[in-house]
Amino acid sequence: MKNALPILFLIVCIGSSRAEDGYRLWLRYDKIGNSRLLQQYRNSISSIRVDTPGAVLVAAREELLNGLQGLLGMSLPGMQGRALSGTGEGSAIREGCVLAGTSASSPAIRSLHLEQELARAGQEGFIILSVTREGRHAIAIAANTEAGVLYGVFHFLRLLQTGRDIRQLSIHEVPALHYRMLDHWDNLNRIVERGYAGLSIFNWHTLPLYIDKRYRDYARANASIGINGAVINNVNANALVLTKEYLLKAAALANLFRTYGIRVYLSVKFSAPIEIGGLKTADPLDPGVQAWWQQKANEIYTYIPDFGGFLVKASSEGQPGPQNYGRSHADGANLLADALAPHGGIVVWRAFVYSNEVPEDRAKQAYNEFKPLDGKFRSNVLVQVKNGPIDFQPREPFHPLFGALPGTPLMMEFQLTQEYLGFATHLVYLAPLFKECLDADTWRKGKGTPVSSTISGMAAVANIGNERNWCGHPFAQANWYALGRLAWDPGLSSAQIADEWIRQTFTNEGAIVDTVKKMMLASREITVDYMTPLGLHHIMGYNHHYGPAPWFNQASRPDWNCTYYHKADSTGIGFDRSSTGSNALEQYAPEVRKEFESVRDCPDRWLLWFHHVPWDHRMQSGRTLWNELCYKYYAGVDSVRWMQKAWNSCKGKIDAERWDQVRMLLAIQEREAVWWRNACLLYFQSFSGMPLPAGSERPDHDLGHYEALRFPIAAENK
Ligand code: BDP
């Protein structure tokens, strides 16, 4: 008895270290609580079999075994072909076996004759089928490649985690997009540009010898949602990443990620030949520069044989690029593409360009720059376009480049990290933002040419850091999840993805799933309402982008000022991008242009993006513009309070640790929503001269107070 206390203490400690801190993401694999389902699953599954596995199949087998054992709450024989030799089973199928493999790796899969089905699965797709042979029932997870099997395994585990019936499975999945990537804006010193979840998970200091457990869990999470590429360093790149020392570190990550079907990419600095190569120029047409990049590419592939390629931010926001030498973006991209082509690598060249010297509407500049270059890029170049023409705002119309470059493959760039959406303290589920863009009709090939049909890949700026729960806000994980799922299948709905995520991350209890789903689905519109309603944009604090600063007009260049974007004056508010203004609308197909061109017909949510509108303009609701603006800002705050109530109603149904975290974060969100509303309305009121709605909650400070707020530390977050 003397030792009982320390032992009890130890048990408590072990218990609490397993508390729900969010580390496990959506891959929790806790025992299924619903006894009817548990019984069904136990009846259907009694062993697994993964024959002659290569490295990816080893990872798949481990996941399948761990996942099933956790979910079913029992241990399973995790057999493989070799272990069976001598038992006489060969290709025979056992009752209740989950078989996973390719035809090449597995005699059991071969014996099922799935050739026809697999012909449609391509390189990364999979099938999951309930099969019966000689009276024995089994489940086959089959694909043409090991990566396909891995995706199938994760899909199968998702079915169980989300409580689906698995008795008659007939699933055929093929990813819609070839490139499904995360872009990490992680610096080599581990500071994450625009990161709000701690330091970079990539510890360059201890690589390559120290392989953090997180690297594997990161890779598992990505593979579980089909992400197959990771750019592991910041687009504002440090040339050092291309030195041997750092390439060996990247190779260590690549060796691990490969076993989860993920390729490593690097962001490169265009001036690297000067900075680390000792050359005098980085001119893309200089033979010495071309030779340097070729030699560098050859070197990279000796360390990383399946290296994905380069991501490049060039001639953009002060980064060096081909324009330093009077060359075009195509010249720059092709230089790197030629170096990578012999090895099968690609160049992802960013279209995020806008110049101080060009007195043109910033929203028009990328199109003007890239449209004439269509067809001039090498075939292994993809041009990466942000979802909207400005910069990851809470709401933007789709970028006019989508569908406008028929001769150039495009890559979508979304942002998961909430640089302009309240950092990692606001609950904002981004699938509706992604869908709004992906589903938008570009009309480039007639009606029914959605943005999703104009892209070959999808990337997103990651929101991952070394905080215990990876993303800072427990709900920010859902955005990582949604990105992967939509890159795999842009046809999925925001609700479907939220449903899956909630069930895997929190609970399968119907009433809670419904409540949380409602919160998630409403959250993006709520944020737009309290930050940038009716098409307003880029009115955040200068540089750090924290909080409202619509008054800001002190930047060194006009297009870094908030006043540039809202153009409020005594007559009205908004940026005229119609034919009477910058005519940015001319960059869209005529049908799209028509939709937005007149103040009368333009949907409210884009109104101030495309038009400068008088304060007393009658909106579709019947309210004046000023009153509508007030209505939106007030509704935004009210809706955050509604989210707080909804979350409170989940108390006790969600583990205490994460429930309380979200409760506290919602309190921050509420306070900041009020701040946004008050600051913006007081400022815009100084132009409209109109009163706040009668009876509404009054701002607790005057405009001067809000204008005087400073956030010197937030500004360091780069
Ligand atoms: C802006 C960010 C900046 C990035 C830039 C980019 O504020 O930190 O470097 O985008 O995408 O939104 O290159």
Side-chain angles (χ1 to χ4, degrees), residues 359-364 388-390 393-397 528-542 548-555 557-588 593-636 676-694 696 698-699 702-704 706-707:
E360 180 60 286
D361 176 2
R362 172 173 163 185
K364 294 180 70 176
I390 297 289
Q393 296 302 295
R395 169 163 279 134
E396 295 195 36
V528 170
D529 282 352
Y530 67 71
M531 283 189 181
T532 54
L534 304 178
L536 288 173
H537 51 287
H538 225 309
I539 54 174
M540 295 75 188
Y542 173 64
W551 47 81
F552 184 78
N553 64 357
Q554 302 295 311
R557 44 190 285 182
D559 50 9
W560 284 351
N561 282 324
C562 296
T563 48
Y564 173 92
Y565 295 99
H566 63 69
K567 301 202 185 314
D569 57 24
S570 60
T571 66
I573 179 172
F575 198 129
D576 184 358
R577 294 191 165 107
S578 71
S579 51
T580 54
S582 79
N583 208 10
L585 273 171
E586 76 182 342
Q587 297 180 337
Y588 291 94
R593 190 153 94 203
K594 224 167 90 209
E595 203 185 315
F596 298 122
E597 200 150 53
S598 79
V599 174
R600 206 198 51 204
D601 298 335
C602 182
D604 284 0
R605 59 186 188 282
W606 312 115
L607 189 63
L608 306 181
W609 184 283
F610 288 117
H611 300 281
H612 190 78
V613 183
W615 292 110
D616 59 0
H617 168 74
R618 241 344 115 189
M619 302 289 290
Q620 278 148 9
S621 64
R623 286 186 275 268
T624 63
L625 170 63
W626 168 250
N627 281 338
E628 187 74 17
L629 199 64
C630 294
Y631 173 81
K632 288 285 183 190
Y633 274 111
Y634 276 93
W676 267 95
R677 180 196 69 189
N678 293 349
C680 290
L681 285 180
L682 286 173
Y683 171 72
F684 292 134
Q685 189 181 36
S686 69
F687 298 100
S688 79
M690 294 170 167
L692 295 176
S696 60
R698 298 285 110 178
D702 62 12
L703 180 58
Y706 296 110
E707 288 187 354

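Taking the side chain as every heavy atom from C-beta outward, Trp615 and Thr624 never approach each other to under 4.5 Å. No side-chain heavy atom of Trp551 sits less than 4.5 Å from a side-chain heavy atom of Cys562. In this structure, the side chains of Arg593 and Glu586 come closer than 4.5 Å at one or more pairs of heavy atoms. The shortest distance between side-chain heavy atoms of Phe575 and His612 does not fall below 4.5 Å. Inter-residue side-chain proximity for Met531 and Arg677 is flagged as unmet; no heavy-atom pair is nearer than 4.5 Å. Two residues are said to be in side-chain contact when any heavy atoms from C-beta on lie closer than 4.5 Å; Tyr683 and Glu707 meet this criterion. Contact of the Asp604 side chain with the Glu628 side chain is registered, since non-hydrogen atoms from C-beta on lie closer than 4.5 Å. Side chains of Met540 and Pro548 form no contact here, defined as non-hydrogen atoms less than 4.5 Å apart.
Of the possible donor and acceptor atoms, one in the side chain of Gln587 sits under 3.5 Å from a partner among the backbone N and O of Lys364. Although no hydrogens or angles enter the test, the distance criterion places no donor-acceptor pair under 3.5 Å between the side chain of Arg623 and the main chain of Asn627. Looking at Gln685, its side chain does come within 3.5 Å of a backbone N or O of Met690 through a donor-acceptor pair. Side-chain N or O atoms of His611 include none that pairs as donor or acceptor with a backbone N or O of Val613 at under 3.5 Å. Distance alone, capped at 3.5 Å, places no donor-acceptor pair between the His566 side chain and the His537 backbone. Remark: side-chain polar atoms of Asp569 are paired, donor with acceptor, to backbone N or O of Gly572 under 3.5 angstrom.
Atom CD1 in Ile539 sits 9.0 Å away from atom CD in Gln393 (nearest 0.5 Å). For the atom pair SG of Cys602 and CG of Leu585, the computed distance is 8.0 Å after rounding to the nearest 0.5 Å. Going from atom CZ of Arg698 over to atom CG of Leu682 covers 9.5 Å, rounded to the nearest 0.5 Å. Distance check, rounded to the nearest 0.5 Å: CG of Leu625 to CG of Leu607 gives 7.0 Å. With values rounded to the nearest 0.5 angstrom, Tyr631 atom OH is found 12.0 Å from Met619 atom CE. Taking CG of Leu536 as the reference point, atom OH of Tyr633 lies at 5.0 Å (rounded to 0.5 Å).
Side-chain contact, Asp361 with Ser582: a donor N or O sits under 3.5 Å from an acceptor N or O. Between the side chains of Asn678 and Tyr706, at least one donor N or O sits under 3.5 Å from an acceptor N or O. Side-chain atoms of Asn561 and Thr563 include no donor-acceptor pair closer than 3.5 Å. Thr580 and Asp576 are linked by a side-chain donor-acceptor pair at a separation below 3.5 angstrom, with hydrogens and angles left out of the test.
Arg395 forms a cation-pi arrangement with Trp606, by the criterion of a distance under 6.0 Å to the ring centre and an angle within 45° of the ring axis. Seen from the ring of Tyr564, Lys567 counts as a face-on cation partner, given the 6.0 Å and 45° thresholds.
With a 6.0 Å radius and a threshold of 12 heavy atoms from other residues, nucleotides or ligands, Arg600 has its CZ atom at or below the threshold.
Between Asp529 and Gly636, the shortest heavy-atom contact is CB-CA, 3.7 Å. Minimum heavy-atom separation, Trp626 to Leu692: CZ2-CD2, 4.0 Å. Looking at every heavy atom in both residues, Ile390 comes nearest to Arg577 through CD1-NH2, 4.0 Å. Of all the heavy atoms in Pro533 and Leu629, the pair that sits closest is CG-CD1, 4.1 Å.
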(request) Check the pair Asn583 / Ser578 against side-chain contact (heavy atoms from CB on, under 4.5 Å), numbers first and verdict last. (result) CA-CA 5 Å; Asn583 208 10; Ser578 71; 5.9 Å; no
(request) Begin from the C-alpha positions of Ser570 and Phe687 and carry the test side-chain contact (heavy atoms from CB on, under 4.5 Å) through to its verdict. (result) CA-CA 5 Å; Ser570 60; Phe687 298 100; 5.6 Å; no
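Under the 30°/60° scheme for interplanar angles, the aromatic rings of Tyr588 and Phe610 are found to stand perpendicular.
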